[in-house]
2 protein chains.
Amino acid sequence: MRNTKADRRSQRTRGLLSGALVALMVEQRYDEITIQDIINRANVGRSTFYAHYLDKEDLLVSNFTRTIDSLIDHGDPGTRPGLAPFFRHVQSQQQLYKALVRGGGIDLLYKKSQAHIQRSIKTYLEALIPAGQPPAAPVDLIAECMAGTMLTMLKWWLDHEMPRSPEEMDRLFHDLMLPGIVATLQITPGPP
Amino acid sequence: MRNTKADRRSQRTRGLLSGALVALMVEQRYDEITIQDIINRANVGRSTFYAHYLDKEDLLVSNFTRTIDSLIDHGDPGTRPGLAPFFRHVQSQQQLYKALVRGGGIDLLYKKSQAHIQRSIKTYLEALIPAGQPPAAPVDLIAECMAGTMLTMLKWWLDHEMPRSPEEMDRLFHDLMLPGIVATLQITPGPP
DNA sequence: TCGATACTGTACAATGTGTTCGATAGAAAC
DNA sequence: GTTTCTATCGAACACATTGTACAGTATCGA
């Protein structure tokens, strides 16, 4: 029920279901959408849905894991200088992300990807600590706080009709978090 | 259906229902608990439940709003010097809070109380800004980030069997957040 | 004691979920 | 072009949960 990628019909069905979910999410909260709604909108049989996905959440995750991953890759301070690309990416698909924020879908996706996100940030942080020096604070906790703050900022930004530019949001994040991280981990500040 | 406080029977029923919810939350995730489970455990008729509460969430909120409020009052940096009392309070009722964190109930309560929490923090922050000076950053965003970080730390602490003392957690929070707040709002640092 | 009201227990309709299965249409393989 | 897969359909099914209704009973407060 999952090695169904090759067949053109499967691709079609998956596309229809994803599209229906997105369309519905723009109209109403994610958690109020039923599987019945989705298959009605997609014009797909009930059993067909279950041939592809376990449940509604599986559909959401399957379709947005890649989106979230690209979001991390854009924004991860470990590989990129800042969060501006992160916010630009969100801005370019604001309808989708607004829908995700409104309906609580973003929290679900965050939970699913948290391990990934956190690992990424933790690696970044550990690279900042001089070798041999024991961390002055739990690095995983700091990483969680960073990821959480990023999410909070993202939500606030979308909820308030994006009143600041991606560059300003990036600046805000750095001003708010970096001094504390430097102090907590007892490291020397990196590049601005 | 709500002015039912005086009658001893009502108090009894409410007590039974709250107790059943808490007991069940210790055993299994909040979101997996059904109303049927609750009334079975409480030994209360189905219609009686609906005579008191609208749904499961209403029961949760009704019973824990006071708990959460006291939590804020303990921890609010606006009225208290630090978060140590906050973490001590959680520690003293760790079973309950662990259950809330595990089952996702804490997120629900957080959403319900967020307006209250945020207002409290915002007031505190605004008091730090010299009169007449326009804030250098959106104060409500900073407040949200602070509240979010407090919640993140709370979850981490409980998920990791509380490896640090309440005083250390307080210290960590201040070291992590205060420098950034001072920098972002362009204010002078307050008492340690 | 008596009137008010909270509780019980059951039945009920409505909704959503996930599964099953034979028939059909469409894809891929040759 | 024929054959062989296989994805889809559609309907039926069992099941769980929710929220409401109502008549009888128990308990409360005065």
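The figures that follow rest on heavy atoms only: side chains count, while hydrogens, waters and symmetry mates do not. Quick note on labels: first sequence line is chain A, next is B, and so on, each numbered from 1.
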**Prompt:** How far does the helix from C:dT1-D:dA30 to C:dC30-D:dG1 bend, going by the axes of its first and last five pairs, to the nearest 10°?
**Reply:**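 The end-segment axes of the helix from C:dT1-D:dA30 to C:dC30-D:dG1 are tilted 40° relative to each other.
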
Got a list of side-chain donor-acceptor pairs under 3.5 Å for residues 132-146 of chain A, not counting sequence neighbours?
| from | atom 1 | to | atom 2 | distance (Å) |
| --- | --- | --- | --- | --- |
| A:Q133 | NE2 | A:Q186 | O | 3.4 |
| A:D140 | OD2 | B:W156 | NE1 | 3.4 |

Could you tell me how far apart [X] ([atom1]) and [N] ([atom2]) are, to the nearest whole angstrom?
X: B:Y53; N: C:dC7; atom1: OH; atom2: P; result: 10 Å
X: A:F49; N: C:dT20; atom1: CZ; atom2: P; result: 17 Å
X: A:L59; N: C:dT17; atom1: CG; atom2: P; result: 12 Å
X: A:D58; N: C:dG18; atom1: CG; atom2: P; result: 11 Å
X: A:E57; N: C:dG18; atom1: CD; atom2: P; result: 11 Å
X: A:I33; N: C:dG16; atom1: CD1; atom2: P; result: 13 Å

Could you list the donor-acceptor pairs under 3.5 angstrom formed between side-chain atoms of residues 16-23 of chain A and any protein atom two or more places apart in sequence or on another chain?
| from | atom 1 | to | atom 2 | distance (Å) |
| --- | --- | --- | --- | --- |
| A:S18 | OG | A:R14 | O | 2.7 |
| A:S18 | OG | A:N63 | OD1 | 2.6 |
| A:S18 | OG | A:N63 | ND2 | 3.2 |

**Message:** Would you say B:S10 places a side-chain N or O within less than 4.0 Å of OP1 or OP2 belonging to C:dA6?
**Reply:**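 For B:S10, the contact criterion (side-chain N or O under 4.0 Å from OP1 or OP2 of C:dA6) is not met.
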
**Asked** OP1 or OP2 of C:dA6 less than 4.0 angstrom from a side-chain nitrogen or oxygen of B:H52, does that happen here?
**Response**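 Checking C:dA6 against B:H52, no side-chain N or O comes under 4.0 Å of OP1 or OP2.
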
**Message:** Applying side-chain hydrogen bond (donor to acceptor under 3.5 Å, both in side chains) as the test, list every pair that has at least one member in residues 22-31 of chain A; sequence neighbours left out.
**Reply:**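 Output for this query lists A:E27-A:R41, A:R29-A:D31.
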
Residue list, side-chain contact (heavy atoms from CB on, under 4.5 Å) with [X], at least two apart or on another chain:
X: A:P166; answer: A:F87, A:R88, A:Q91, A:W157
X: B:K112; answer: B:E57, B:V61
X: B:D159; answer: B:V101
X: B:E168; answer: B:R164, B:S165

**Message:** Does anything in residues 18-32 of chain A come within less than 4.0 Å of DNA chain C? Heavy atoms only, and list the residues if so.
**Reply:**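 Nothing qualifies; none.
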
**Non-neighbouring partners of A:Q95 that pass side-chain hydrogen bond (donor to acceptor under 3.5 Å, both in side chains), sequence neighbours left out** =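 Counting only residues at least two positions away or on another chain, A:Q95 forms no side-chain hydrogen bond (donor to acceptor under 3.5 Å, both in side chains).
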
**Asked** Among residues 35-43 of chain A, which contact DNA chain D at a heavy-atom distance under 4.0 Å?
**Response**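 The answer is A:N43.
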
**Prompt:** Reading nucleotides 20-29 of chain D from the 5' end, what letters show protein touch, with B for base, S for backbone sugar-phosphate only, - for no heavy atom under 4.0 Å?
**Reply:** BB----BBSS

**Asked** Hey, is the main chain of B:I35 close enough, under 3.5 Å, to the side chain of B:R46 for a donor-acceptor pair?
**Response**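 The answer is no, because no donor-acceptor pair under 3.5 Å joins these two groups.
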
